[in-house]
A.B. asks: 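Right, I'll just put the structure down here and ask away after.
Proteins come first, then strands; the chains are lettered A, B, ... in the order of their sequence lines, and each starts at number 1.
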There are 2 protein chains.
Amino acid sequence: MQGQTPADGQEPALRSLTTALRVLQCFSMEEPELGVTEIALRLGVGKSTVHRILTTLERNGFVRKDETTRRYRLGLSVLTLGGILMSNLEIYREGQHLLESFVNRFDETVHLAVLEGLSTVYVSKIESKHPVPMLTHLGRKNPLHCTSSGKAILAFQEDELIQEVIRRGLTRYTRTTITDPEQLLLRLEDIRRQGFATSEGELRDGVSSVAVPVRDYTRKVVGAVTVVGPTYRFTPDKVRTLARQLLDVGREISTRLGYYVRRSP
Amino acid sequence: MQGQTPADGQEPALRSLTTALRVLQCFSMEEPELGVTEIALRLGVGKSTVHRILTTLERNGFVRKDETTRRYRLGLSVLTLGGILMSNLEIYREGQHLLESFVNRFDETVHLAVLEGLSTVYVSKIESKHPVPMLTHLGRKNPLHCTSSGKAILAFQEDELIQEVIRRGLTRYTRTTITDPEQLLLRLEDIRRQGFATSEGELRDGVSSVAVPVRDYTRKVVGAVTVVGPTYRFTPDKVRTLARQLLDVGREISTRLGYYVRRSP
DNA sequence: CAGGGCTGTTCCTGTCTGCGGAACAGGCGC
DNA sequence: GCGCCTGTTCCGCAGACAGGAACAGCCCTG
């Protein structure tokens, strides 16, 4: 380590490109519009650098400049790429229609989530008629320890990943967020036993959810189907009903991904 | 070429970033998975360059490497950005629910399209129960001259843009595609008069559509709402009915974008 | 209305980065 | 088992990029 080659594990990384990608990831739901200085400060790089990057991104449609405010927001090219990604995500293609019919039957908002690093990402969202305004959105990343989908996925991963999540710290979001490693492990054990996960306001107060895992042909849990709604509507009875129905949906999607139930373990 | 400053109109463009963005845009619905060599050939750059770019993109979740085939596909980060973009697109936010209720009433697939350069981009898609499998997808770019939404938008743009579209050439896709500039101008005139546009298989055989323009508070036409379906279901009668209903939806979205009908022109 | 303090934008220069050719490695199919 | 095709690594030179500083607009504020 004291050698001249730091060997930080990853040599070939393009500097300007990396910065550009970090620029793109500065944009968020809460801050969809940013100025040059703001981004430069946040990333700790020069204003002119950011300006050059934004100009290049704009020329390719990845960001859009508001000529009056001279601030930048994301451009339609990112949507084009997102659309291509979705249409080619097998779990999305196979799940979409099943999710739709679920929503039609129960009129509660449903998501499809997949694992990405130490987060879940929503790859599909179908809203119920009762508008649950903008709690989540397509592509949204959430932690693994405080959502039902996160736990439904986490419960079936290698111990190494679970430990990594714990090592990174179980951030508290609400009163009911699980922040104690021991308790998390117990809950994950429950989830493995009963086959589904729940959350009662663990990420956001007043928002409950139920989730079941989805497996692919390698038998690995790659995602989760989840129902979200206001806690007051999620009575224990309803949770039980939703869970039972969700399990069917989860199994069906898994089957379509090539998963089959083994006779004997 | 013999001068030192080519002054090609746009100086400050980051080379590596530009190449990287072009790499991303190589992925498409038809080719969601690409290899290094393939991309390098297509872009006319070295294999090692592409490899370095892909590695950097992968490290940030913009592409994903399939470890077995060693080929690359888009990563979930593009979906996250797409979701942020959508949620903050005013036309999407205001239009979504109106589109949903339209689909519930008529059970035909509906899109929301906006103008981007010389193309339309679909920013929203709500499918009818009758699955019209994958004709289009979110973020899809289409030409302006051969779709109903494209024409509905084009008809109300400055003459300069219309001429530019013609100058670029009216590519033929089917037997009914309008390829004659004169004829296009006449059709646009019709559209301005009757307030909506139609297409009968102009982009794809057997697929018809009807579209109406959407204006924002500057009174500019910024997008279009469009109904798509198989030609055999789009009888003249049905087209008339759909158009009448769509006009209401278009007006309502426009109003929500701050557009108001002026008393006298 | 004029000034200050913000922005975004442009210019410039030295340094170190990123380009591409060629060599290496690994897998698949003939 | 051999070639041929991939993806990956190495390396040296050229020139592209980072960032400081100067410029230019805008919007408040006084």
A.B. asks: The test is side-chain hydrogen bond (donor to acceptor under 3.5 Å, both in side chains); show your working for A/Y173 and A/D205 and say whether it passes.
C.D. replies: CA-CA 9 Å; A/Y173 293 94; A/D205 278 313; over 6 Å; no
A.B. asks: Please state how far atom CZ in A/R52 lies from atom C1' in C/dG18, giving the value in whole angstrom units.
C.D. replies: 14 Å
A.B. asks: Does OP1 or OP2 of C/dG8 have a side-chain N or O of A/H51 closer than 4.0 Å?
C.D. replies: no
A.B. asks: What residues in residues 69-77 of chain B put a non-hydrogen atom under 4.0 Å from any atom of DNA chain C?
C.D. replies: none
A.B. asks: Look at atom CZ of A/R256 and say whether more than 12 heavy atoms of other residues, nucleotides or ligands are closer to it than 6.0 Å.
C.D. replies: yes
A.B. asks: Taking the basic N atoms (NZ, or NE/NH1/NH2) and the acidic carboxylate oxygens, is any pair closer than 4.0 Å for A/R167 and A/E164?
C.D. replies: yes
A.B. asks: With a 4.0 Å cut-off, would you call B/R71 and B/E38 a salt bridge?
C.D. replies: yes
A.B. asks: In whole Å, what is the span from the CG atom of A/L54 to the P atom of D/dA18?
C.D. replies: 12 Å
A.B. asks: D/dT8 P sits how many Å from B/D66 CG, rounded?
C.D. replies: 12 Å
A.B. asks: Can you measure B/E33 atom CD to D/dT6 atom P for me and round it to whole angstrom units?
C.D. replies: 15 Å
A.B. asks: Check the distance between D/dA16's P and A/I53's CD1 and give it to me in whole angstrom.
C.D. replies: 17 Å
A.B. asks: How long is the span from the CG atom in A/L79 to the CZ atom in B/R140, to the nearest 0.5 Å?
C.D. replies: 13.5 Å
A.B. asks: Hey, which of A/V222, A/V221, A/V214, A/V249 is the one that makes side chain to side chain contact (heavy atoms under 4.5 Å, CB included) with A/S254?
C.D. replies: A/V214
A.B. asks: Near DNA chain D, counting only heavy atoms under 4.0 Å, which residues of residues 15-24 of chain B show up?
C.D. replies: B/R15, B/S16
A.B. asks: Going by number, which of residues 35-48 of chain A have a non-hydrogen atom under 4.0 Å from DNA chain C?
C.D. replies: A/G35, A/V36, A/T37, A/K47, A/S48
A.B. asks: Are B/R215 and B/F156 in a cation-pi setup, meaning NZ or CZ lies under 6.0 angstrom from the ring centre and within 45 degrees of the ring axis?
C.D. replies: yes
A.B. asks: Just how large is the angle between the end axes of the helix from C/dC1-D/dG30 to C/dG29-D/dC2, five pairs per end, to 10 degrees?
C.D. replies: 40°
A.B. asks: When you measure from the side chain of B/S77 to the backbone of B/N60, do you find a donor-acceptor pair of N or O atoms at a distance under 3.5 Å?
C.D. replies: yes
A.B. asks: Could you pick out which residue, A/T49 or B/L34, lies toward the 5' side of DNA chain D when each is mapped onto its nearest nucleotide?
C.D. replies: B/L34
A.B. asks: Starting at CG of A/L57 and ending at P of D/dC17, how long is that distance when rounded to a whole Å?
C.D. replies: 13 Å
A.B. asks: I'd like to check A/V225 versus A/H111 (side-chain heavy atoms, cut-off strictly below 4.5 Å). Are they in contact?
C.D. replies: no
A.B. asks: May I have the distance from A/R59 (atom CZ) to C/dT9 (atom P), rounded to whole angstrom?
C.D. replies: 12 Å
A.B. asks: Report yes or no: do B/T19 and B/S16 form a side-chain donor-acceptor pair below 3.5 Å?
C.D. replies: no
A.B. asks: Taking atom C1' of C/dG8 as reference, at what distance in whole Å does atom CD of A/E67 sit?
C.D. replies: 11 Å
A.B. asks: According to the salt bridge (charged side-chain N to carboxylate O under 4.0 Å, His left out) rule, which pairs have a member within residues 152-163 of chain A, sequence neighbours left out?
C.D. replies: A/E158-A/K220
A.B. asks: Which pairs of donor and acceptor atoms, one on a side chain in residues 42-49 of chain A, lie under 3.5 Å apart (sequence neighbours left out)?
C.D. replies:
residue: A/R42; atom: NH1; partner: A/E31; partner atom: OE1; Å: 3.2
residue: A/R42; atom: NH2; partner: A/E31; partner atom: OE1; Å: 3.0

A.B. asks: Would A/R219 and A/Y260 count as a cation-pi pair here, with the cationic atom under 6.0 angstrom from the ring centre and within 45° of the axis?
C.D. replies: yes
A.B. asks: Under 3.5 Å, is there a donor-acceptor pair between the A/T56 and B/T18 side chains?
C.D. replies: no
